[in-house]
*Asks:* 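One structure coming up, written as structure tokens, with questions to follow.
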Amino acid sequence: SFENLYQLRKSISYLAWLRTSETVKRSKSKLGAVEIYTGPNTKPFFDNYPLALSLVSRAFPNQQEPTRTIVIRFKFADLDWAKNTLKEKLSTADFEKLDSRENGTELTGRCDNDSQNCRGAMEQAFGENGELNLIIQGIANGDDPNDPTGKARFYSGMVEAHEYFHGIQAIPITGKSDRWPLTWFVEGSAEWVQNVAINSNNFKAYSLFLDSDCNGSCVELSQVEIAQFISTEDQKSLPTKFERFLNYSLGSRVIEALVAIKGQDALIEMYKQMATKITFAQAFKNTYGVDWNYAIPILSKVIYANILGI
């Protein structure tokens, strides 16, 4: 509970991992149709998409999932191919909607033009209830020595799991509300789920990724700064001293604590609550049973202590 979270902080990682791992082991996949299109010059580092997605599916047996998932994978050399494939696989209306949402950067936004390297990925939901799940995935030219978690993410299926979970998040809220949970909750949930799903049989690997993912900016933050970060409304209002990746690395730490308290299904319950057009704080109170302002100092104290190992 929030009342004993600090006292039991050293048990958070194992409890959150264990309860989700056990769900994966006893559940069956509900994965819908998956269509994977890979560019002619593209060779993915990980090539068992259905496995990664099925592990996420098994972690959430009580939740609705997309009925159809379209995956388009490409290197920089295949950008034109990817654009043509995207237009072919989406309806004209859905393509125009996507192009408008992303200001024409739905593909190039996953790439760095200077280095001609594509390392980013994106999920978008279509349909009245998000039943069509589109994953646009850039494939890097090679390993990045400056990315300590790159191999874990690109070679294991984590990227694939991350983007698919975004599709599960979208279903309860698509077409019902324009107000979504805070950015760190959205991305931190997907970052945590990718880790626990892929490493559901290996707590050591789960813990190593959690630590390495947060080994940069996370460890430099004070308890006050952690509280300030998770209090921030959205990406647009994020103070410049915070880097964007904290939504993923630090966010996953907060999500882990929330899962230890209430379980992984509560992550989707937040979307169901916010689909009724209430605020994040109201949804949090309805889901976790305490005021958001009450939870912030407890979570920041716990996360700060766990990051530093104290």
*Asks:* Test: salt bridge (Lys or Arg N to Asp or Glu O under 4.0 Å). Region: residues 246-257. Which pairs qualify, not counting sequence neighbours?
*Replies:*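 Residue pairs passing salt bridge (Lys or Arg N to Asp or Glu O under 4.0 Å), neighbours aside: Asp211-Arg253.
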
*Asks:* So, the side chain of Asp144 versus the backbone of Asn146: is there a donor-acceptor pair under 3.5 Å, distance only?
*Replies:*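 A pair under 3.5 Å: yes.
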
*Asks:* Would Asn129 and Thr174 count as having a side-chain donor-acceptor pair, cut-off 3.5 Å?
*Replies:*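 There is no such pair (donor and acceptor under 3.5 Å, judged by atom type) between the side chains of Asn129 and Thr174.
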
*Asks:* Hey, are His166 and Glu187 close enough side-chain-wise for a donor-acceptor pair under 3.5 Å?
*Replies:*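 Present: a donor and an acceptor within the cut-off.
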
*Asks:* Measure the acute angle between the ring planes of Trp17 and Tyr206, then classify it against the limits of 30° and 60° as parallel, tilted or perpendicular.
*Replies:*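 The arrangement is tilted - the two ring planes meet at 30° to 60°.
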
*Asks:* Step by step, would you call Phe74 with Tyr37 a ring-ring contact (aromatic ring centres under 6.0 Å, His included)?
*Replies:* CA-CA 9 Å; Phe74 58 95; Tyr37 304 98; over 10 Å; no

*Asks:* Could you check whether Gln273 and Thr287, counting side-chain N and O atoms only, form a donor-acceptor pair closer than 3.5 Å?
*Replies:*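 Their side chains do not contain a donor-acceptor pair, so the 3.5 Å distance test is not met.
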
*Asks:* Please examine the side chains of Arg19 and Gln264, heavy atoms only from C-beta on, and report whether any two atoms are closer than 4.5 Å.
*Replies:*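 Of all side-chain heavy-atom pairs linking Arg19 with Gln264, at least one is under 4.5 Å.
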
*Asks:* Is it the case that one hydrophobic cluster holds both Ile135 and Ile36, taking links as side-chain heavy atoms less than 4.5 Å apart, direct or via other members?
*Replies:*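 Linked, Ile135 and Ile36 end up in one cluster.
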
*Asks:* I'd like to check Ile307 versus Leu250 (side-chain heavy atoms, cut-off strictly below 4.5 Å). Are they in contact?
*Replies:*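 SC-SC contact between Ile307 and Leu250 confirmed.
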
*Asks:* Between Glu225 and Lys241, does at least one N-O distance fall below 4.0 Å, as a salt bridge requires?
*Replies:*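 Counted as a salt bridge, because a side-chain N and a carboxylate O are separated by less than 4.0 Å.
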
*Asks:* Are the side chain of Ser212 and the backbone of Phe209 linked by a donor-acceptor contact shorter than 3.5 Å?
*Replies:*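 Yes.
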
*Asks:* Under 3.5 Å, is there a donor-acceptor pair between the Trp192 and Tyr248 side chains?
*Replies:*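 On atom types as modelled, these side chains do not qualify, holding no pair under 3.5 Å.
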
*Asks:* Whether the Asn117 and Asp112 side chains hold a donor-acceptor pair (N or O, under 3.5 Å, no angle test) is what I'd like checked.
*Replies:*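 The answer is no; no qualifying pair exists.
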
*Asks:* Report yes or no: does Ser57 contribute a side-chain atom to a donor-acceptor pair with the main-chain N or O of Ser29 at less than 3.5 Å?
*Replies:*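 Not a single qualifying donor-acceptor pair exists.
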
*Asks:* Is the closest side-chain donor-acceptor distance between Thr85 and Glu88 under 3.5 Å?
*Replies:*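 Side chains of Thr85 and Glu88: no pair found under 3.5 Å.
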
*Asks:* Answer yes if the ring centres of Tyr155 and Phe46 are under 6.0 angstrom apart, and no otherwise.
*Replies:*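 No.
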
*Asks:* Hydrophobic cluster membership, with links at side-chain heavy-atom distances under 4.5 Å among I/L/V/M/F/W/Y: are Ile12 and Leu8 in one?
*Replies:*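 Result: no, two separate clusters.
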
*Asks:* Between His162 and Glu123, is any side-chain donor less than 3.5 angstrom from a side-chain acceptor?
*Replies:*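 No, Glu123 and His162 have no side-chain donor paired with an acceptor closer than 3.5 Å.
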
*Asks:* Quick one: does Gln169's side chain get under 4.5 Å of Ser189's, heavy atoms only?
*Replies:*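 In short, these two side chains touch, coming nearer than 4.5 Å.
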
*Asks:* State whether a side-chain donor-acceptor pair under 3.5 Å links Lys204 with Asn199.
*Replies:*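 Not at all, the side chains of Lys204 and Asn199 share no donor-acceptor pair under 3.5 Å.
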
*Asks:* Establish, yes or no, whether a centroid distance under 6.0 Å links the rings of Phe229 and Trp184.
*Replies:*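 For Phe229 and Trp184, the ring centres are not under 6.0 Å apart.
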
*Asks:* Determine whether more than 12 heavy atoms belonging to other residues, nucleotides or ligands lie under 6.0 Å from atom OH of Tyr294.
*Replies:*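 For Tyr294, atom OH is crowded (more than 12 foreign heavy atoms under 6.0 Å).
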
*Asks:* Between Tyr49 and Tyr164 (judged by ring centroids, cut-off 6.0 Å), do the two rings come close enough to count as a pair?
*Replies:*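 Distance test on ring centres: not under 6.0 Å, no.
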
*Asks:* Using the salt bridge (charged side-chain N to carboxylate O under 4.0 Å, His left out) rule, take Arg110 and Glu102 through it: C-alpha gap first, then chi angles, then the decisive distance, then the call.
*Replies:* CA-CA 11 Å; Arg110 308 319 116 205; Glu102 298 298 315; 3.5 Å; yes

*Asks:* Does Arg153 come within less than 4.0 Å of Asp213, counting only side-chain N to carboxylate O?
*Replies:*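 Salt bridge between Arg153 and Asp213, a charged N being under 4.0 Å from a carboxylate O: no.
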
*Asks:* Assess, by modelled atom type and distance only, whether the side chains of Lys272 and Gln63 contain a donor and an acceptor separated by less than 3.5 Å.
*Replies:*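 Indeed, the side chains of Lys272 and Gln63 share at least one donor-acceptor pair under 3.5 Å.
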
*Asks:* Between Ile226 and Ile261, is there a shared hydrophobic cluster once you connect ILVMFWY residues whose side-chain heavy atoms come closer than 4.5 Å?
*Replies:*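 Ile226 and Ile261: one cluster.
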
*Asks:* Listing request: all salt bridge (Lys or Arg N to Asp or Glu O under 4.0 Å) pairs with a residue in residues 65-77, at least two apart in sequence or in separate chains.
*Replies:*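 Listed once each, the pairs are Lys30-Glu65, Glu35-Arg68, Asp47-Arg73.
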
*Asks:* Do Glu160 and Gln137 have side-chain atoms, one donor and one acceptor, less than 3.5 Å apart?
*Replies:*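 Result is yes, a qualifying pair exists.
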
*Asks:* How far does CD1 of Ile255 sit from CD1 of Ile303, to the nearest 0.5 angstrom?
*Replies:*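 Between Ile255 CD1 and Ile303 CD1, I get 9.5 Å after rounding to 0.5 Å.
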
*Asks:* Can you confirm whether Val159 sits close enough to Phe154 that some side-chain heavy atom of one is under 4.5 Å from a side-chain heavy atom of the other?
*Replies:*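 Yes, at least one pair of side-chain atoms sits under 4.5 Å.
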
*Asks:* Tell me the disulfide (SG to SG under 2.5 Å) pairs involving residues 48-116, sequence neighbours left out?
*Replies:*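 Every pair satisfying disulfide (SG to SG under 2.5 Å) with a residue in residues 48-116: Cys111-Cys118.
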
